[in-house]
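Encoded as structure tokens, the structure appears first; notes follow it.
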Amino acid sequence: MLRAFGFAIVALIVLGVVWYVAMLPGHITVDFGSYAATASTPIAILLLAILVVILILFVGIIRALLRTPARVAARRSLARRNNADAASLRALSAMAAGDDRTAVNHARIAQRQAPDAPLTLYVSGETARRAGDHATADRHFAALARHKDAGFLGWRGLVTHRTQGGGDAAALAEAEAQTRQAAVAYPNSAWLRDQRVQLAFNQGLYADAARLATDPAARAALAIMASRTAEGERLAIDWAREAVRAAPALAPAYLALYAAHERAGHLWRAKRALVAGWKAAPHPDLAAAYLTAINLPLDRARAAQKLASANPGHPESEALLARTARAADLAGEAQRHEARAMAAAGSAWVCAACDTRHAEWQANCRKCGTIGSLGWVKPPPDPATVLLASPQPAA
């Protein structure tokens with residue numbers, strides 16, 4: 001309804017203007033040298049309007065003709081960019097499927113179509129990295145890092161390339177510098193923070209890595225390493241306490257606190273750290289440290305009873321009492337505790353990320369590299385040793 005009303009108003013205004021022009025009196029004469037043209041005022045205004053329209057159309061045609069080459073070039077560039085993006089996506093799919101050869105072929109097609117496109121640079125750098133072509137990978141990732149919107153992908157590619165396979169000291173130092181530049185391109189990146197933790201760990205800068213880590217388990221593992229490598233006694237104690245705070249159920253944290261106090265000459269505090277560790281997370285290494293200065297088997301059995309009293313009934317306490325009683329020739333006592341210690345049998349340091357078993361605790365898994373993933377648990381059964389039930393004959 002409002003549209004119809006508005007159209008009517010506009011139509012009335014236009015009709016009014018036309019009527020006003022048509023009612024204008026007089027004539028207009030135009031001289032062209034020896035020629036003269038005379039027309040009434042309304043006709044002259046109409047001819048002038050037609051001339052203006054013709055001039056506008058003419059100028060528009062000329063401008064369109066002048067812009068045609070640029071438009072054709074833009075269309076060709078867009079078509080090549082679309083083809084490059086399609087080839088890049090096919091390359092990404094091939095990499096996801098593990099078909100690196102096909103990925104390289106699609107990446108080459110993308111390079112021919114649009115060599116400077118961000119997606120082309122990324123897949124070209126990634127395929128080169130996987131193929132071990134370090135110079136080409138660096139060139140593509142460096143070009144991508146200069147891109148305004150996709151720069152972080154380039155820095156990530158450079159950092160990943162530098163740290164591939166661990167990297168030497170020079171590569172790790174260069175990767176550390178690149179992570180700082182990546183932080184400018186994409187601040188507060190969780191991946192970047194984890195990468196900086198891993199870089200610091202690989203360089204042996206455990207204190208720096210612990211300050212950056214946010215995961216409690218990783219922070220505890222790094223704090224333990226920082227305590228072990230600390231130059232000062234006070235710093236070693238502080239880092240060991242940080243490890244205990246971050247992971248109060250991790251025996252190596254208490255062992256680190258024990259070692260730090262013993263290094264500082266605080267023997268009573270060192271012993272207390274072992275008792276606290278046994279109360280929170282009993283482990284054979286804690287017992288070994290507690291009994292290290294005791295030589296006589298009977299004295300070791302008595303000391304073991306004192307330590308086990310911090311966590312009575314725990315399978316590790318029963319296993320400790322059984323071992324020390326057996327060594328002291330207390331057969332009856334040993335048998336009594338051995339029956340209760342079965343739950344502790346078979347425990348080992350196992351990676352929570354990949355289930356890899358380790359002979360002793362370390363800060364990261366030797367297989368998957370995850371920091372702080374080792375726990376003292378019973379490892380899962382090996383799938384190769386799990387036997388399926390034999391098929392039963394049909395009834």
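These numbers were taken from a predicted model, which means no experiment stands behind them. Numbering of residues begins at 1 and proceeds along the displayed sequence.
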Test item: side-chain donor near acceptor, Trp376 and Glu316, under 3.5 Å: yes

CG (Leu321) and CD (Glu333) are apart, to the nearest 0.5 Å, by 7.0 Å

Which is it for Asp238 and Arg234 under the salt bridge (charged side-chain N to carboxylate O under 4.0 Å, His left out) test, yes or no, and what are the steps along the way?
-> CA-CA 6 Å; Asp238 289 343; Arg234 183 71 259 172; 3.4 Å; yes

Test item: Thr127 side-chain N/O and Ser124 main-chain N/O as donor-acceptor pair under 3.5 Å:
yes

**Prompt:** Side chains of Thr179 and Trp155: do they bring a donor and an acceptor to under 3.5 Å?
**Reply:** no

- With Lys271 as the cation and Tyr258 as the aromatic partner, state whether NZ or CZ is under 6.0 Å from the six-membered ring centre and within 45° of the axis. no

CD1 of Ile371 to CG of Asp194, rounded to nearest 0.5 Å, is 9.0 Å

| said: Once you measure the plane-to-plane angle for Phe152 and Tyr186, does it fall in the parallel (<30°), tilted (30-60°) or perpendicular (>60°) bin? | reply: tilted

Here the gap from Thr356 atom OG1 to Leu374 atom CG, rounded to the nearest 0.5 Å, amounts to 8.5 Å

Residues joined to Leu66 in its hydrophobic cluster, side chain to side chain under 4.5 Å directly or through other members, sorted by chain and number, are Phe58, Ile62

Using the ring of Trp349 (Phe, Tyr or Trp, six-membered ring only), decide whether Arg357 places NZ or CZ under 6.0 Å from its centre and within 45 degrees of its axis. no

Item to complete: Spell out, as yes or no, whether a donor-acceptor pair under 3.5 Å connects the side chain of His358 to the backbone of Glu360.
Response: no

task = For Ser317 and Asn311, indicate whether the former's side chain and the latter's backbone hold a donor-acceptor pair under 3.5 Å.
result = yes

*Arg300 side chain to Asn295 main-chain N or O, any donor-acceptor pair under 3.5 Å?*
no

The reported gap from CZ in Arg101 to CG in Asn105 (rounded to nearest 0.5 angstrom) is 8.5 Å

